**Student:** 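The structure follows.
Residue numbers start from 1 in every chain, and the chains themselves are labelled A, B, ... in the order their sequence lines are given, proteins ahead of strands. Here the structure is a predicted model, which means the values were calculated and not measured.
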Amino acid sequence: MAIRSFSYSIHPYDLEKTLESGQSFQWIRTAPHAWESVVERDWVRVSQPKARQILIETTAKNAALVDQLSGYFQLDIDLKRVLTAFPKDPLVGQALRARRGLRLLRQDPWICLASFLLSSTKQIVQIKEIVHLISTRHGNPVAHPETGEMLYGFPDAARIAQEGEQAMRSCKAGFRAKYLYGCARSIAEGTFDLEALREMSLEEARLKITGLPGVGPKIADCVLLFAYGFDRAFPVDVWVHRVLQDYYFHGKQVARTTMHQFIMDYFGDHAGYVQQYLFDYIRSLSKAEWRRMVEDPARPTISK
DNA sequence: GGGATGCCTGGATG
DNA sequence: ACATCCAGGCATC
């Protein structure tokens, strides 16, 4: 099987930080700076041989898939321009320095939705394991072009609808199996159109997608940000909630609406991008480092 | 409409 | 060892 290579000169881009930041769960690390997966029906390897180079290797023959991969990895985004729109405060500054080169991907809506349905109260390694199990048991087989080893893509909605809830449970999905199956059915039957969300405003899309079983505000915003590119979607999980409350609201409890208003006003047009930097950064801090951060007298004061 | 509680399950914590 | 807690939420009451 022929492998085609595409090299991109790009900077700043940190592939490791990007693929290991918990936005996508299907890439398997095969070398210090290389990851592999199956996209559509093709094997793909993405690597960063040099600081300013991204290399994509694939068995795909059609140009469409190559375009798709360039979109997936967001190779055309002017990251520097995005970063200049971030708010200027000590925490964001630290996160920017610590996570230089982190990018948001642009994933396939169905796989992204399925991944985040499976993410509830699970840690990243466990989410990866479930995604991997579902893929190997129910996905399309693709031979590795170098080793011949079998790899499997994530199954589409129709396939999961056909396999049923129990099959998902036996892939360790637990109570999430019901949601995954429910969403798969709606999508496979055509009751729910994932593509239609592309034409909607963020608010419309959020309203629509939270109508799916198991999709609340957090998962909705993850999918809207990571798959549809709604740059103002801002997933608030326990970590981010902790930052917002402890750092920006000085430990005070605030209403959901107040928090939401603050997010939109303060983080701006690329709020979702800021969120990813903050999320990834704060998870790496020790308790002591975190305490130092929230006690920083230079941290911003929110005036309402 | 904010605040508890159950849901699967594996790994961490005591 | 063994119990208990809790993890990147959601639905329900």
Side-chain angles (χ1 to χ4, degrees), chain A residues 17-27 91 95 98-99 102 104-105 107 111-134 137 160 163-187 192 206-227 233-247 249 252-263 267 271-287 290:
Chain A
K17 292 192 174 76
T18 299
L19 292 180
E20 305 288 344
S21 65
Q23 50 177 321
S24 140
F25 306 96
Q26 52 188 320
W27 292 92
L91 177 61
R99 292 294 175 268
L102 170 64
L104 289 182
L105 300 168
Q107 303 176 51
I111 301 179
C112 187
L113 170 63
S115 302
F116 283 97
L117 278 169
L118 295 167
S119 75
S120 304
T121 59
K122 281 284 180 198
Q123 298 183 343
I124 292 174
V125 281
Q126 300 175 301
I127 304 166
K128 281 184 177 171
E129 188 192 0
I130 303 171
V131 168
H132 185 73
L133 271 173
I134 294 176
R137 290 190 191 170
I160 286 180
E163 298 296 341
E165 181 183 332
Q166 269 315 312
M168 297 305 113
R169 275 182 187 266
S170 51
C171 293
K172 305 189 179 181
F175 64 83
R176 305 158 198 80
K178 184 170 45 156
Y179 301 143
L180 179 59
Y181 174 63
C183 288
R185 273 189 54 177
S186 299
I187 291 159
F192 193 93
R206 193 184 277 132
L207 198 61
K208 183 79 183 160
I209 201 167
T210 48
L212 283 169
V215 181
K218 155 67 168 62
I219 294 176
D221 276 351
C222 284
V223 178
L224 294 174
L225 179 64
F226 301 140
F234 193 99
V236 179
D237 55 59
V238 291
W239 289 91
V240 171
H241 190 267
R242 200 173 302 158
V243 181
L244 296 176
Q245 189 166 304
D246 290 357
Y247 188 79
F249 288 94
K252 281 201 299 285
Q253 289 208 12
V254 288
R256 236 194 147 69
T257 49
T258 310
M259 190 76 97
H260 184 74
Q261 195 55 53
F262 163 71
I263 291 166
F267 293 110
Y273 237 104
V274 188
Q275 183 273 354
Q276 194 63 15
Y277 273 78
L278 287 181
F279 171 73
D280 198 33
Y281 175 61
I282 57 172
R283 285 178 69 248
S284 72
L285 293 181
S286 67
K287 278 199 162 157
W290 175 243

**Student:** Quick one about A:R176 and A:T121 (side-chain donor to acceptor, distance below 3.5 Å, no hydrogens or angles considered), yes or no?
**Tutor:** yes

**Student:** In terms of heavy-atom contacts, does CZ of A:R256 have more than 12 from other residues, nucleotides or ligands at under 6.0 Å?
**Tutor:**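 Open.
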
**Student:** Name the stems that DNA chain C belongs to, where each is three or more consecutive Watson-Crick or G-U pairs with both distances under 3.5 Å?
**Tutor:** B:3-7 with C:9-13, B:9-14 with C:2-7

**Student:** For A:Q276 and A:S21, does a side-chain donor sit closer than 3.5 Å to a side-chain acceptor?
**Tutor:**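 Short answer, yes.
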
**Student:** In terms of heavy-atom contacts, does CZ of A:R185 have more than 12 from other residues, nucleotides or ligands at under 6.0 Å?
**Tutor:** no

**Student:** In B/S/- notation, 5' to 3', how is nucleotides 6-13 of chain C contacted by protein heavy atoms closer than 4.0 Å?
**Tutor:** -BBBSS--

**Student:** Whole Å only: how far is the CD atom of A:E165 from the P atom of B:dC8?
**Tutor:**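 About 8 Å, once rounded to whole Å.
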
**Student:** Is the ring centre of A:F116 less than 6.0 Å from the ring centre of A:F25?
**Tutor:** yes

**Student:** Is the shortest distance from a Lys or Arg side-chain nitrogen in A:D221 or A:R206 to a carboxylate oxygen in the other one below 4.0 Å?
**Tutor:**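 Salt bridge: yes.
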
**Student:** Parallel, tilted or perpendicular, judged at 30° and 60°: which one describes the rings of A:F262 and A:F249?
**Tutor:**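 Because their plane-to-plane angle is over 60°, the rings of A:F262 and A:F249 count as perpendicular.
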
**Student:** Atom CD in A:Q275, atom CG in A:D280: separation rounded to 0.5 Å?
**Tutor:** 10.0 Å

**Student:** NZ of A:K128 versus P of B:dG11: gap in Å, rounded?
**Tutor:**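 One finds 15 Å between P of B:dG11 and NZ of A:K128, rounded.
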
**Student:** For the C1' atoms, the ones on C:dG8 and on B:dG2, what distance do you get once it is rounded to whole angstrom?
**Tutor:** 22 Å

**Student:** Would you measure the distance from the C1' atom in C:dC10 across to the matching atom in B:dG11 and give it in whole Å?
**Tutor:**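 Rounded to whole Å, the distance is 23 Å.
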
**Student:** Starting at CG of A:L133 and ending at P of B:dC8, how long is that distance when rounded to a whole Å?
**Tutor:**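 Distance check: A:L133 CG to B:dC8 P gives 18 Å.
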
**Student:** Which whole-number value in Å describes the distance from A:I130 CD1 to B:dC7 P?
**Tutor:**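 The answer, rounded to whole Å, is 18 Å.
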
**Student:** Does A:K208 have more than 12 heavy atoms from other residues, nucleotides or ligands lying within 6.0 Å of its NZ?
**Tutor:** no

**Student:** Please report, rounded to the nearest Å, how far the C1' atom of B:dG2 is from the NE2 atom of A:H241.
**Tutor:**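 Taking atom C1' of B:dG2 as the reference, NE2 of A:H241 is at 12 Å.
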
**Student:** On a whole-Å scale, what distance lies between the C1' atoms belonging to B:dT5 and C:dC5?
**Tutor:**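 Going atom to atom, C1' in each nucleotide, I get 15 Å.
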
